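Report on the following structure.
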Amino acid sequence: MEVENKNKNMESRLSNLLGGVIDEAEPFMHLMMQYRCAMLEVTTKLEVLNNELSMQNNSNPFESIKCRLKTPESIVEKMQRRGIEFSVKNVEENLTDIAGVRVICSFISDIYRLADCLASQDDIIVVARKDYIKQPKENGYRSLHLILDVPIFLTNEKKHMKVEVQFRTIAMDFWASLDHKVEYKKKIQDSEEIANELRECAKIISEVDTRMENIKNRIRE
Ligand code: 0O2
């Protein structure tokens, strides 16, 4: 019942966004359902790895996992920004981050371990890998991003879907959530100063992540 209501709500938001053109609304909802399934597949794979690795090492490789489907508003905005006409086919062919999974780890080594384990599974194809930990963005953003191609098995078909997985430490996530708030409030005062301050915090956080990793290794030894 709850899913039904959510779907109705998403369908009417989409038709409002598209100026009442509802031809695409039903196939769009179908596509969203498929992305939701792909997100579940990836989340389950990560939970399985977490269970196994935590038995081996006596600690969890990730602290938490969150997933989200991009909202119709955000999908339409991104298509417009890229100058691509809205159609279900174009959305599927051009956007790779409709299904998003965020994995929050304590240590950087856990990020690479989990990402490598996931990427090496034989039903997964890594379409793209962006390592913003080794090469942080100019503003200080750090995370490891994988775009995965994952099969989902429906009643009458097997379909390949794209899922974006972002791996971060707790500290990187703390930074990114504040940075995200700043991004959404572009008109705030002293934005230059805040951007510099955030860049400085990103540097400190990076050092803390490395030091925490070293302490963990010394404890293990
Ligand atoms: P949301 O709300 O998380 O969905 P593009 O997606 O076109 O902007 P690209 O190169 O395809 O750019 O994607 P990239 O660089 O891999 O980044 C995609 C996502 O990573 C973003 O999604 C954010 O979630 C996150 N991200 C990237 N850069 C930053 C940053 O500087 N700060 C923060 N806080 N997050 C970042 P969305 O769609 O922008 O947002």
Side-chain angles (χ1 to χ4, degrees), residues 6 10 13-14 17 28 31-32 34-36 38-40 42-43 46 62-87 90-105 108 111-112 114-115 118-119 124-150 161-188 190-206 208-209:
K6 263 191 192 158
M10 204 190 268
R13 272 158 60 204
L14 181 74
L17 283 164
F28 179 82
L31 183 66
M32 289 298 115
Q34 293 172 340
Y35 277 117
R36 206 174 301 124
M39 223 160 56
L40 281 174
V42 173
T43 308
L46 285 159
F62 67 75
E63 293 298 321
S64 66
I65 186 164
K66 299 171 204 164
C67 19
R68 69 104 183 89
L69 269 188
K70 223 172 177 54
T71 60
E73 288 80 1
S74 176
I75 293 171
V76 169
E77 184 276 322
K78 198 161 184 173
M79 295 291 281
Q80 280 169 352
R81 182 157 39 93
R82 291 194 176 173
I84 306 166
E85 192 193 344
F86 185 93
S87 73
N90 283 348
V91 165
E92 197 173 0
E93 282 175 3
N94 290 282
L95 301 190
T96 53
D97 64 343
I98 293 181
V101 177
R102 188 167 291 157
V103 188
I104 315 293
C105 302
I108 293 176
I111 290 180
Y112 288 109
L114 270 176
L118 186 63
I124 280 194
I125 299 165
V126 179
V127 178
R129 186 177 194 273
K130 290 186 200 166
D131 192 341
Y132 295 123
I133 298 175
K134 293 213 168 90
Q135 281 178 313
K137 286 178 71 168
E138 202 276 322
N139 62 355
Y141 177 76
R142 290 158 70 240
S143 284
L144 175 69
H145 293 189
L146 298 182
I147 307 287
L148 304 178
D149 177 300
V150 193
M161 307 297 298
K162 303 270 188 315
V163 178
E164 181 186 79
V165 190
Q166 300 180 346
F167 294 90
R168 296 174 180 169
T169 61
I170 298 167
M172 291 174 199
D173 190 50
F174 182 33
W175 183 95
S177 53
L178 186 56
D179 176 69
H180 198 252
K181 283 191 188 116
V182 174
E183 182 62 21
Y184 276 90
K185 291 186 179 165
K186 283 203 167 111
K187 285 185 195 136
I188 46 176
D190 310 322
S191 58
E192 183 87 5
E193 205 179 299
I194 288 173
N196 287 336
E197 186 83 4
L198 273 169
R199 228 173 274 128
E200 183 63 26
C201 286
K203 233 166 89 190
I204 296 168
I205 280 172
S206 166
V208 170
D209 273 336

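Note that ligands are numbered from 1 as they come in the structure, with each ligand's atoms numbered from 1 the same way. Predicted model only: the values in this text are computed from it and were never measured.
Proximity of Val42 to Glu164: side-chain heavy atoms (C-beta onward) are nowhere separated by under 4.5 Å. Side-chain contact between Leu148 and Val126 is present, with at least one heavy-atom pair separated by less than 4.5 Å.
With Trp175, Tyr132, Tyr141 as candidates, the residue nearest to atom 30 (C) of ligand 1 on a non-hydrogen basis is Tyr141. Distances from atom 31 (O) of ligand 1 to the heavy atoms of Asn139, Asp97, Thr71 show the closest one on Asn139. In the candidate list Arg168, Lys181, Arg102, His180, His180 is nearest to atom 2 (O) of ligand 1, counting heavy atoms.
Residue-ligand proximity, Ala176 to ligand 1, at heavy-atom distances under 4.0 Å covers atoms 34 (N). Close approach of ligand 1 to Lys70 is summarised as follows: ligand atoms under 4.0 Å from at least one heavy atom of the residue are 4 (O), 38 (O). Remark: ligand 1 atoms within the under-4.0 Å shell around heavy atoms of Lys137 are 27 (C), 28 (N), 29 (C), 31 (O). Every atom of ligand 1 with a heavy atom of Lys130 under 4.0 Å away is listed here by number and element: 9 (P), 10 (O), 11 (O), 13 (O), 14 (P), 15 (O), 16 (O).
Residue contacts with ligand 1 for Arg82 involve side-chain atoms from C-beta outward but no N, CA, C or O (heavy atoms, distance under 4.0 Å).
Partners of Asp209 by salt bridge (charged side-chain N to carboxylate O under 4.0 Å, His left out), not counting sequence neighbours, listed by chain and number: Arg142. By the side chain to side chain donor-acceptor pair (under 3.5 Å) test, Asp131 pairs with Tyr112, sequence neighbours left out.
Note on ring orientation: taking the six-membered ring where Trp is involved, the planes of Trp175 and Tyr141 are tilted (angle from 30° to 60°).
The side chain to side chain contact (heavy atoms under 4.5 Å, CB included) with Val103 is formed by just one residue from the set Leu144, Leu114, Leu146; it is Leu114.
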